[in-house]
Colleague: 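The structure follows.
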Amino acid sequence: MKTILILTFLLSICVTTSAQDLQAAPKGFDVEQPDIMHGSMDTISYNSHTVGVKRTALLYKPPGFKPTEQYPVLYLLHGIGGDEFEWFKNGVPHIILDNLYAAGKIEPMIVVFPNGRAMKDDRASGNVMAPDKVAAFAAFEKDLLEDLIPYVEHHYPVKVDRMSRALFGLSMGGGQALNFGLGNLDVFAWVGGFSSAPNTKTPEELVPDPTKASKQLALLWLSCGDQDRLINFTTRTHEYLKKHNVPHTYYIEQGGHDFTVWKNDLYLISQLLFK
Ligand code: FER
């Protein structure tokens, strides 16, 4: 009888575990610790047939990186006012990830920080809302799939199956990650948007075949700050997924449209990936 009670209790915990049980990042998660091993950052330059120029991305190699190993890859996208340096400058992903490695909490992975504005002048200067600049965020799908990913897979020791590729991003990059990730489930098994922007496709366009998507996805993540005026693009996707029984993580956290939220999101998702 006691065993049955314990089993029932354990089962009820498993069934009721929800996204809101995720533990937000503890104090100090983004503070550099000098006495641990550190990863390293490369700048890569790839030929973009899509744009017709050489384009730049940053690439983080984990602590203890060995060219003889094979790593999964997270592609992590920036927002409308950013570029390939935005995460590094404002989100200290190298520090967050180094600390998680030191604590033994994440799988070794390479993280690529692309420039998601696929046009010749891809700087975040002038009016970042200009129609040609916004259109360049959509054009990045081809650049990512046909130019950047092949470059990374040719030049780095990485695994090249869909279970070893993740696509995540913040705001405009969150919209891109959902649009391109869910639109190319043969390429990516791990997909997520942080505070996704109005470029996010409608739920019906994102997931036209809920049964197929459910089978293919290893993780579908949707998060947003509760004070973010763009929250509707996250909630409407969540409502559709819930209605169509597509497993996903829906995480609403305290905060607005900023890096306090996105750093916490990176802290959480990096611990889920490739496990
Ligand atoms: C918009 C509001 C916000 C929009 C894009 C954003 C394209 C993107 C914000 C961000 O990336 O932080 O109307 O339209």
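As a basis for the values below, the full set of heavy atoms in this structure was taken, side chains included, without hydrogen atoms, waters or symmetry mates. For ligands, and for the atoms within them, numbers begin at 1 and follow the listed sequence.
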Colleague: After noting the C-alpha distance and the side-chain angles of L178 and L220, does the key distance pass the side chain to side chain contact (heavy atoms under 4.5 Å, CB included) rule?
Modeller: CA-CA 9 Å; L178 296 178; L220 175 51; 4.0 Å; yes
Colleague: With a 4.0 Å cut-off on heavy atoms, is H78 touching ligand 1?
Modeller: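 Distance cut 4.0 Å: H78 fails for ligand 1.
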Colleague: At less than 4.0 angstrom from any non-hydrogen atom of G79, what atoms of ligand 1 do you find?
Modeller: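 Taking each heavy atom of G79 in turn, ligand 1 has 11 (O) under 4.0 Å.
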Colleague: Any side-chain donor paired with an acceptor under 3.5 Å for H94 and H38?
Modeller: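 Result is no, nothing qualifies.
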Colleague: Starting from atom 9 (C) of ligand 1, locate the nearest protein heavy atom and write down its residue, its atom name and how far away it is, to 0.1 Å.
Modeller: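 For atom 9 (C) of ligand 1, the nearest protein heavy atom comes out as S171 OG, 3.0 Å.
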Colleague: Can you check whether I80 has an N/O within less than 3.5 Å of an N/O in ligand 1?
Modeller: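 Yes; at least one N/O pair falls below 3.5 Å.
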Colleague: Which is it for R117 and D83 under the salt bridge (Lys or Arg N to Asp or Glu O under 4.0 Å) test, yes or no, and what are the steps along the way?
Modeller: CA-CA 8 Å; R117 193 182 292 99; D83 56 25; over 6 Å; no
Colleague: State whether a side-chain donor-acceptor pair under 3.5 Å links Y251 with D265.
Modeller: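 The answer is no; no qualifying pair exists.
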Colleague: Under 3.5 Å between any N/O of R229 and any N/O of ligand 1: does that happen in this structure?
Modeller: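 Such a contact does not occur with ligand 1.
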Colleague: Might you work through the salt bridge (Lys or Arg N to Asp or Glu O under 4.0 Å) test for D147 and R55, ending with a clear yes or no?
Modeller: CA-CA 10 Å; D147 304 319; R55 307 197 69 232; over 6 Å; no
Colleague: I need the atoms of ligand 1 closer than 4.0 Å to a non-hydrogen atom of H257, numbered in the order shown.
Modeller: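 Close to H257: 9 (C), 10 (C), 12 (O).
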Colleague: Any N or O on G81 sitting closer than 3.5 Å to an N or O of ligand 1?
Modeller: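 No, no N or O pair falls under 3.5 Å.
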Colleague: For the residue pair D98 and Q33, confirm or rule out a side-chain donor-acceptor distance under 3.5 Å.
Modeller: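 Distance-only check fails for D98 and Q33.
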Colleague: Tell me which protein heavy atom sits closest to atom 13 (O) of ligand 1, plus the residue, atom name and distance to 0.1 Å.
Modeller: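 That would be P198 CG, 3.6 Å.
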